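Here the structure is laid out as structure tokens; the discussion comes afterwards.
When a residue number appears, it is its place in the shown sequence, counting from 1. This is a predicted model, so every value here is computed, not measured.
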Amino acid sequence: MNIFVTVGHTRFDSLFKKIDQINRDEWHFISQTYDGNYTPKNGEHITYTNDIFSYYNNADVVITHAGAGTVYNLLEIGKTIIVVANTDRIDTHQEDLIRYVEDEKLAQVCRNLDDLESLISNTMTFKAATYHSEPFSCAAEISRTLDLSY
């Protein structure tokens with residue numbers, strides 16, 4: 001199974017340390033580490049790419065931090081994902097998104113990295129609900145309210 005791990009533009013060294021503790025011959029990891037201090041040893045790694053969607057498309061599963069842009073992009077393309085709470089961050093703003101994804105059964109969520117290996121194992125049997133994106137149609141109204149030309 002090809003597994004892409006992405007943290008967007010945040011540091012999440014503890015996630016990559018946990019990935020290094022997982023040793024399954026049938027799992028191949030590619031990790032996008034951004035500017036973290038830890039370099040993963042299990043699989044390949046990159047810091048950044050302009051072609052993130054090629055990594056998404058080549059992965060059977062994407063493990064992602066709970067960044068809204070990343071999570072919604074992955075949901076919109078129907079990718080199997082595991083959303084991980086970034087416990088390396090001081091703030092907890094990602095918890096609202098994690099709760100939404102979990103409540104709607106859109107993906108598996110990981111609040112404790114010790115659960116990650118079992119969540120990866122469950123990806124073949126977990127049946128995620130289909131995400132339906134709502135188009136944004138308020139740009140003109142917001143522009144008028146802010147007295148901006150649109």
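The environment of NZ in K41 is crowded: more than 12 heavy-atom neighbours from other residues, nucleotides or ligands sit within 6.0 Å.
Checked by atom type, the side-chain pair Y56/N73 shows no donor-acceptor distance below 3.5 Å.
Within the 4.5 Å cutoff, side-chain heavy atoms of V84 are placed close to those of I63. Side chains of Y72 and Y131 form a contact here, defined as non-hydrogen atoms less than 4.5 Å apart. H9 has its side chain within reach of Y48: a pair of non-hydrogen atoms, C-beta onward, lies under 4.5 Å apart. Side-chain contact between V7 and T70 is absent, with no heavy-atom pair separated by less than 4.5 Å. No side-chain heavy atom of T39 sits less than 4.5 Å from a side-chain heavy atom of T33. By the 4.5 Å heavy-atom criterion applied to side chains, K105 and K127 are not counted as neighbours. Side-chain contact between Y55 and T49 is present, with heavy atoms from C-beta onward closer than 4.5 Å. Contact check for R111 versus T87: no side-chain heavy atoms found under the 4.5 Å cut-off.
No donor-acceptor pair under 3.5 Å is formed between the side chain of N86 and the backbone N or O of H65. The backbone N or O of D60 lies less than 3.5 Å from no partner atom in the side chain of N2, so there is not a single donor-acceptor pair.
Clustering ILVMFWY residues whenever any of their side-chain heavy atoms sit less than 4.5 angstrom apart, transitively, puts L116 in the very cluster that holds W27. I46 and V5 are assigned to two separate hydrophobic clusters, defined by single-linkage of ILVMFWY side chains at heavy-atom distances under 4.5 Å. Connection of I77 to I30 is established within a shared hydrophobic cluster, with ILVMFWY side chains joined at heavy-atom distances below 4.5 Å, either directly or through further cluster members. Side-chain heavy atoms closer than 4.5 Å link hydrophobic residues (I, L, V, M, F, W, Y) into clusters, and following such links, even through other members, never connects V61 to I98. In terms of hydrophobic clustering, with Ile, Leu, Val, Met, Phe, Trp and Tyr side chains grouped at heavy-atom distances under 4.5 Å, I22 and F12 are assigned to a common cluster.
Put simply, CE on M1 and CZ on F29 are 8.0 Å apart, with the number rounded to the nearest 0.5 Å. Taking CZ of R11 as the start and CG of N37 as the end, the distance is 4.5 Å to the nearest 0.5 Å.
Partner of Q108 under the side-chain contact (heavy atoms from CB on, under 4.5 Å) criterion, out of N122, T80, I81, D115: N122 alone.
Note on R99 versus D96: salt bridge recorded, some NZ/NE/NH1/NH2 to OD/OE distance being below 4.0 Å.
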